[in-house]
Q: 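Quick one: the structure is below, and I'll ask about it shortly.
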Amino acid sequence: KIQFWDIAGQDKNVYTSKVFTKDAHGCIILCDITNQDTLEATLKWKKSIDDNALFKDGGKLPCVLVQNKIDLVSEEELGNDEEVRKFGEENGYINFFRTSAKTGLGVDECMDYLIKTIVDRLDEYIAKNPDTTLDPNRTSIVKIQQPKKDTTTMLSKQGCCNL
């Protein structure tokens, strides 16, 4: 069972994220590819996650950086992703994806990557700590995105919150 929480990317929520990150195993932090300022804004969310949540093994939660709304930019505007990839690496993100919540482009790849990372890390932790059991009702992934304007969120577009 995987549970997703969508915390709207409003400033007031950055301080309440500890409630949502308790027992989390991963995080997706979104920015808007059409608004460069939102990329820098992901840093406060990443810091809040790093400060308030630890993975079961005591390390930082695996966080994926996502640039959303790629359906709104042309190939030329999209450009090379190396700059964003480097930004992600320098700031502790485990990977970087470009997605469109509207069309679904890149969403499955992002989710598959994060879920595989979490499962692999949990398997590794359990192998090193064989007496450990995980409560199946306390496994959550936090998804944070920038404030919505007129777009549908990835989860509501997909039509579900529990898989």
Side-chain angles (χ1 to χ4, degrees), residues 2-17 20-21 24-53 55 59-124 139-163:
I2 298 174
Q3 188 176 77
F4 295 89
W5 289 84
D6 180 357
I7 304 171
Q10 297 156 5
D11 287 336
K12 65 181 179 177
N13 293 331
V14 77
Y15 302 110
T16 61
S17 64
F20 296 103
T21 59
H25 290 96
C27 180
I28 299 170
I29 302 178
L30 279 84
C31 62
D32 180 344
I33 198 165
T34 67
N35 182 349
Q36 187 64 25
D37 293 340
T38 64
L39 181 61
E40 285 295 322
T42 66
L43 295 178
K44 70 179 174 195
W45 290 102
K46 179 72 167 77
K47 180 174 178 3
S48 179
I49 295 295
D50 289 348
D51 290 349
N52 293 303
F55 197 76
K60 292 181 179 180
L61 289 184
C63 289
V64 175
L65 175 63
V66 175
Q67 278 189 311
N68 193 35
K69 299 185 182 180
I70 62 169
D71 55 292
L72 299 179
V73 296
S74 68
E75 283 292 323
E76 296 80 38
E77 292 171 311
L78 195 58
N80 188 332
D81 62 3
E82 278 310 308
E83 186 177 316
V84 179
R85 187 175 311 286
K86 184 177 177 188
F87 174 89
E89 287 174 6
E90 289 172 352
N91 290 290
Y93 290 96
I94 61 167
N95 208 339
F96 144 73
F97 293 89
R98 287 184 168 156
T99 65
S100 168
K102 182 177 181 180
T103 68
L105 184 66
V107 173
D108 287 344
E109 293 83 358
C110 174
M111 296 304 231
D112 289 347
Y113 180 86
L114 181 59
I115 291 168
K116 182 180 182 332
T117 299
I118 291 167
V119 169
D120 289 350
R121 197 156 154 195
L122 285 171
D123 285 346
E124 187 177 308
T139 303
S140 59
I141 299 172
V142 178
K143 180 181 86 67
I144 299 174
Q145 68 181 47
Q146 293 300 317
K148 298 176 242 9
K149 292 185 181 162
D150 59 349
T151 61
T152 306
T153 68
M154 176 173 28
L155 293 179
S156 64
K157 184 72 174 175
Q158 298 299 319
C160 68
C161 292
N162 284 318
L163 301 177

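Keep in mind that what you see is a predicted model, and the values were worked out from it rather than measured.
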Q: Applying side chain to side chain contact (heavy atoms under 4.5 Å, CB included), can you list everything that pairs with Asp50, at least two apart in sequence or on another chain?
A: Lys46, Lys60

Q: Can you name the ring-ring contact (aromatic ring centres under 6.0 Å, His included) partners of Tyr113, sequence neighbours left out?
A: Phe97

Q: Heavy atoms only: give me the nearest Leu114-Pro62 pair and the separation to one decimal.
A: CD1-O, 3.7 Å

Q: Among all residues two or more places apart in sequence or in another chain, which pass the salt bridge (charged side-chain N to carboxylate O under 4.0 Å, His left out) test with Glu90?
A: Lys86

Q: Does any N or O in the side chain of Thr38 come within less than 3.5 Å of the main-chain N or O of Asp32, such that one atom is a donor and the other an acceptor?
A: yes

Q: List the residues meeting side chain to side chain contact (heavy atoms under 4.5 Å, CB included) with Arg98, not counting sequence neighbours, and say none if there are none.
A: Ile33, Gln67, Ile70, Leu78, Asp81, Val84, Phe96

Q: To the closest 0.5 Å, what do you measure between OG1 (Thr34) and CG (Asn68)?
A: 9.5 Å

Q: Considering residues at least two apart in sequence or located in another chain, which fulfil the side chain to side chain contact (heavy atoms under 4.5 Å, CB included) criterion with Glu40?
A: Leu43, Phe87

Q: Could you tell me which residues satisfy salt bridge (charged side-chain N to carboxylate O under 4.0 Å, His left out) with Glu82, sequence neighbours excluded, listed by chain and number?
A: Arg85

Q: Thr117: which residues meet the side chain to side chain donor-acceptor pair (under 3.5 Å) condition with it, sequence neighbours left out?
A: none

Q: For the NZ atom of Lys44 and the CD1 atom of Ile29, what is their distance to the nearest 0.5 Å?
A: 11.0 Å

Q: Thr103 side chain to Leu105 main-chain N or O, any donor-acceptor pair under 3.5 Å?
A: yes

Q: Taking only residues two or more places apart in sequence or in another chain, which ones pass salt bridge (charged side-chain N to carboxylate O under 4.0 Å, His left out) with Asp71?
A: none

Q: State, with a plain yes or no, whether a side-chain heavy atom of Ile118 is found less than 4.5 Å away from one of Asp120.
A: no

Q: Please report the closest heavy-atom contact between Val66 and Cys110, naming both atoms and the distance.
A: CG2-SG, 3.6 Å

Q: Can you name the closest pair of heavy atoms from Cys63 and Ile49 and give their distance?
A: SG-CG2, 3.7 Å

Q: Kindly indicate whether the side chain of Val64, heavy atoms from C-beta on, has any atom under 4.5 Å from the side chain of Cys27.
A: no

Q: Search all heavy atoms of Leu61 against all heavy atoms of Ala53 and return the closest pair with its distance.
A: CD1-CB, 3.6 Å

Q: For Thr99 versus Val107, what's the shortest heavy-atom pair and its separation?
A: CG2-N, 4.0 Å

Q: Restricting to side chain to side chain donor-acceptor pair (under 3.5 Å), what partner residues turn up for Asn91, sequence neighbours left out?
A: none

Q: If you define the side chain from C-beta out and look only at heavy atoms, does anything of Leu65 sit under 4.5 Å from Ile28?
A: no

Q: Who pairs with Glu124 by salt bridge (charged side-chain N to carboxylate O under 4.0 Å, His left out), at least two apart in sequence or on another chain?
A: Lys128

Q: Quick one: list whatever passes side chain to side chain donor-acceptor pair (under 3.5 Å) with Glu77, sequence neighbours left out.
A: Ser74

